[in-house]
Engineer: 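What follows is a single structure, and I will ask about it in a moment.
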Protein chains: 2
Amino acid sequence: MKEYTVKKLAKMAGVSVRTLHHYDQIGLLKPSIRTDARYRVYGERELLRLQQILFYRELDFELKAIGNLLDSHNFDLVGALESQKQMLLSRRKRLDTLVATLDKTMLHLKNKTMMNPEELYEGLPKEQAAAWRMEAKENWPEQVAHAERELMRLSKADFKALQDGFKANVEQLAMMSHLDPAGSDVQAAIAQHYHYILRFWGKADDAAEAYRGLGDLYANDPRYTQVDGVPAETFGNFLQRAIHHYVDMQLR
Amino acid sequence: MKEYTVKKLAKMAGVSVRTLHHYDQIGLLKPSIRTDARYRVYGERELLRLQQILFYRELDFELKAIGNLLDSHNFDLVGALESQKQMLLSRRKRLDTLVATLDKTMLHLKNKTMMNPEELYEGLPKEQAAAWRMEAKENWPEQVAHAERELMRLSKADFKALQDGFKANVEQLAMMSHLDPAGSDVQAAIAQHYHYILRFWGKADDAAEAYRGLGDLYANDPRYTQVDGVPAETFGNFLQRAIHHYVDMQLR
DNA sequence: TCTTGACGCTAACGCGACGTCATACCCTAC
DNA sequence: GTAGGGTATGACGTCGCGTTAGCGTCAAGA
């Protein structure tokens, strides 16, 4: 039966002595015995366990999780690996987004055409836009702030295009308000509308529910019930039904 | 000129009050003034700066780096963005490797055929293998340990194939020892040899230099100078020249 | 036997970017 | 004057160790 001191074991496994101390401290890897002088002594079983620990550690498992994996004999190992994989994949996805943002930013820098904050809501009907922001920021401050930062990095031309597209979309919907809210033309316009809203509100997890709530707002809040100066209670109700239908059919 | 309290600013930007305290503490974002009661008051310029801070923060810049970016007026902004991009790309690459490892592991788990540590060096000439390990572990303990963990996760069949391939490769080189070390046949065999060595030693940054050093070992250490029981001083020198040529031509 | 040098031990701070109390002060409205 | 909300500072916790600092232990050589 082989025995190892801290240093020997550390060298064999390619870790520091401090790491072994740490693992002892948190109960992840305890020495098989302690000498009278409280020296740690590890056996073959501990070496094996350490190998496993390090394997999982390289896969970015947390030490606590590793402990659970190794200690609970009949743990769902494959399940744990699978969920770890999902974690890593989602991190990867995030990195993709970041890299894309960096690329865009470097492009914009060359063209020197960024938005500034005052202009963000200039072209839109003042009260309406402001009310939207308040509404959204109450519930998802983090996402809205992020979305606005994104918008500020658009070129002025790009932003104006976005804005015009949104206004056109709303006007289109207004002209459709006598049609069936569940009809395919209306639903197509609503799909567009949803994506515009997402760009201004950001993408929260419960964006679908939030959008459904926006439908209720349209129907109940007088601020949302006129277009081009025309009071239109029916428009609010129309929007509400169209949005509810869209969310219930497409987003669940 | 608009003014904001901590809470208002925090809400506008979608961060916590604590975050603003923190940024004040580390000097990243100081309030424009303090009231008599030491309340923080921020102005328009601070809001703008905060927006920028948060933009870079989302790109995983460290706060210190952000401070440098924003404070040194004529900093190399594009350069900073580019190097940040490289960082993110290398992280992403690492994640890809991890995911691949996870997939392999889950496969192996289904086949239940992992190596165990004792078997790792069984088939190879004992002394030689041991000497290699010592040599490599002295200089790159971390990488070698990693490589060995990888090897242990191979199936026994896969590992035996690897081992046999390596032995065949060395024997092939032995039979070539009368040829030109710089000749293309020999160099092709050396390229294979290098990759086998990498699998056992791990991939350190200076792997090329290390491999070159291995060439010297072959030439000078008597342990490395016999194959199939035949003492072969010429073989050691042959290997040395072949390896040096390979490293100098291919790896720099 | 004494010394020396390598090795071992514990305790503690540091890192990064805050979250989360705890405790106390300030300000406004009723 | 008091209730309730906003604000301040300070300190600890997070995670996985690296890095001293100050001490005890052990085997080998003089």
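Here the structure is a predicted model, which is why all the values come from computation and not from measurement. Chain naming here is simple, since letters A, B, ... match the order of the sequence lines and numbering starts at 1 in each.
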Engineer: Ignoring backbone atoms, test whether R34(A) places a side-chain nitrogen or oxygen under 4.0 Å from the OP1 or OP2 oxygen of dT10(C).
Structural biologist: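 Yes, because at least one side-chain N or O of R34(A) sits under 4.0 Å from OP1 or OP2 of dT10(C).
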
Engineer: Tell me which of F61(B) and V17(A) sits closer to the 5' end of DNA chain C, going by the nucleotide each one is nearest to.
Structural biologist: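 It is V17(A), whose closest nucleotide lies nearer the 5' terminus.
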
Engineer: Would you say R40(B) places a side-chain N or O within less than 4.0 Å of OP1 or OP2 belonging to dT7(D)?
Structural biologist: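 R40(B) to dT7(D) OP1/OP2: no side-chain N or O under 4.0 Å.
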
Engineer: Of the nucleotides dT9(D), dG18(D), dG16(D), which has the atom closest to the E62(A) side chain?
Structural biologist: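 Nearest to the side chain of E62(A) among the choices is dG16(D).
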
Engineer: Between Y196(A) and F166(A), does the ring centroid distance fall short of 6.0 Å?
Structural biologist: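 When the ring centroids of Y196(A) and F166(A) are compared, they turn out to be within the sub-6.0 Å range.
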
Engineer: What is the distance, rounded to the nearest whole Å, between atom CD1 of I33(B) and atom C1' of dT7(D)?
Structural biologist: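 Rounding to the nearest Å, CD1 of I33(B) and C1' of dT7(D) are 15 Å apart.
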
Engineer: Do the charged groups of R91(A) and D96(A) touch, with an N to O distance under 4.0 Å?
Structural biologist: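 No salt bridge links R91(A) with D96(A).
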
Engineer: Would the number of heavy atoms belonging to other residues, nucleotides or ligands and lying under 6.0 Å from NZ of K8(B) be above 12?
Structural biologist: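 No.
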
Engineer: Given dC26(D), dT7(D), dG16(C), which nucleotide is nearest the side-chain atoms of K64(B)?
Structural biologist: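 Within the option list, the nearest is dG16(C).
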
Engineer: Can you tell me if Y39(A) touches the phosphate of dG24(D), counting only side-chain N or O atoms and a distance under 4.0 Å to OP1 or OP2?
Structural biologist: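 The answer is no; no side-chain N or O of Y39(A) sits under 4.0 Å from OP1 or OP2.
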
Engineer: Round to a whole Å and report the spacing from CG of D60(A) to P of dG16(D).
Structural biologist: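 Taking CG of D60(A) and P of dG16(D), I get 10 Å after rounding.
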
Engineer: Can you check whether T5(B) has a side-chain N or O nearer than 4.0 Å to OP1 or OP2 of dT7(D)?
Structural biologist: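 For T5(B), the contact criterion (side-chain N or O under 4.0 Å from OP1 or OP2 of dT7(D)) is met.
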
Engineer: Could you state the CG-P distance from L20(B) to dA17(C), rounded to the nearest angstrom?
Structural biologist: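 Between P of dA17(C) and CG of L20(B): 16 Å.
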
Engineer: dC9(C), OP1 or OP2 - any side-chain N/O from H21(A) closer than 4.0 Å?
Structural biologist: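 Indeed, a polar side-chain atom of H21(A) lies that close.
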
Engineer: Any base atoms under 4.0 Å from T35(A), or only sugar-phosphate, or nothing? Heavy atoms, all strands.
Structural biologist: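 Nothing: the residue T35(A), judged by heavy atoms under 4.0 Å, touches no strand.
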
Engineer: Can you identify which nucleotide, out of dC9(C), dG16(C), dG16(D), has its nearest atom closest to the H22(A) side chain?
Structural biologist: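 Selected nucleotide (nearest to the side chain): dG16(D).
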
Engineer: Which heavy-atom pair separates L20(B) from A10(B) by the least distance, and what is that distance?
Structural biologist: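 In terms of heavy atoms, the two residues are closest at CD1-N, 3.8 Å.
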
Engineer: For V6(A), answer base if it contacts any base atom (sugar-phosphate contacts may also be present), sugar-phosphate if it contacts only those atoms, and nothing otherwise; contact means non-hydrogen atoms under 4.0 Å.
Structural biologist: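 Result for V6(A) = sugar-phosphate.
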
Engineer: How many whole angstroms separate atom CZ of R38(B) from atom P of dG10(D)?
Structural biologist: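 In whole Å, dG10(D) P lies 9 Å from R38(B) CZ.
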
Engineer: Which residue, K8(B) or Q25(B), contacts DNA chain D at a nucleotide closer to its 5' end, judged by nearest heavy atom?
Structural biologist: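 The answer here is K8(B).
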
Engineer: Please work out which of the three classes, parallel, tilted or perpendicular, describes the rings of F61(A) and Y56(A), given edges at 30° and 60°.
Structural biologist: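 Y56(A) vs F61(A) ring planes: perpendicular.
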
Engineer: For K30(B) and dA8(D), what is the distance between atoms NZ and P respectively, to the nearest whole Å?
Structural biologist: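 The answer, rounded to whole Å, is 13 Å.
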
Engineer: dG16(D) C1' sits how many Å from I66(A) CD1, rounded?
Structural biologist: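 Taking atom C1' of dG16(D) as the reference, CD1 of I66(A) is at 11 Å.
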
Engineer: Does S16(A) put a side-chain nitrogen or oxygen below 4.0 Å from OP1 or OP2 of dC17(D)?
Structural biologist: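 No, because none of the side-chain N or O atoms of S16(A) sits under 4.0 Å from OP1 or OP2 of dC17(D).
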
Engineer: So, does R18(B) get its side chain near the phosphate of dT20(C), meaning an N or O under 4.0 Å from OP1 or OP2?
Structural biologist: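 So the side-chain polar atoms of R18(B) never come under 4.0 Å of the phosphate oxygens OP1 or OP2 of dT20(C).
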
Engineer: Can you check the D36(B) CG to dT7(D) P distance for me, whole Å?
Structural biologist: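 Going from D36(B) (CG) to dT7(D) (P), I get 16 Å.
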
Engineer: Please determine, for the side chain of R57(A), which listed nucleotide (dT9(D), dC17(D), dC18(C)) has the closest atom?
Structural biologist: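 Selected nucleotide: dC17(D).
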
Engineer: To the side chain of K7(B), which of dC7(C), dC15(D), dG6(D) is closest?
Structural biologist: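 The answer is dG6(D).
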
Engineer: Compute the centroid of each ring, for Y42(A) and then for Y4(A), and state whether the two points are separated by less than 6.0 Å.
Structural biologist: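 No, the ring centres sit 6.0 Å or more apart.
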
Engineer: Once you round it to whole Å, what is the distance between P of dG10(D) and CG of D24(B)?
Structural biologist: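 Result: 12 Å.
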
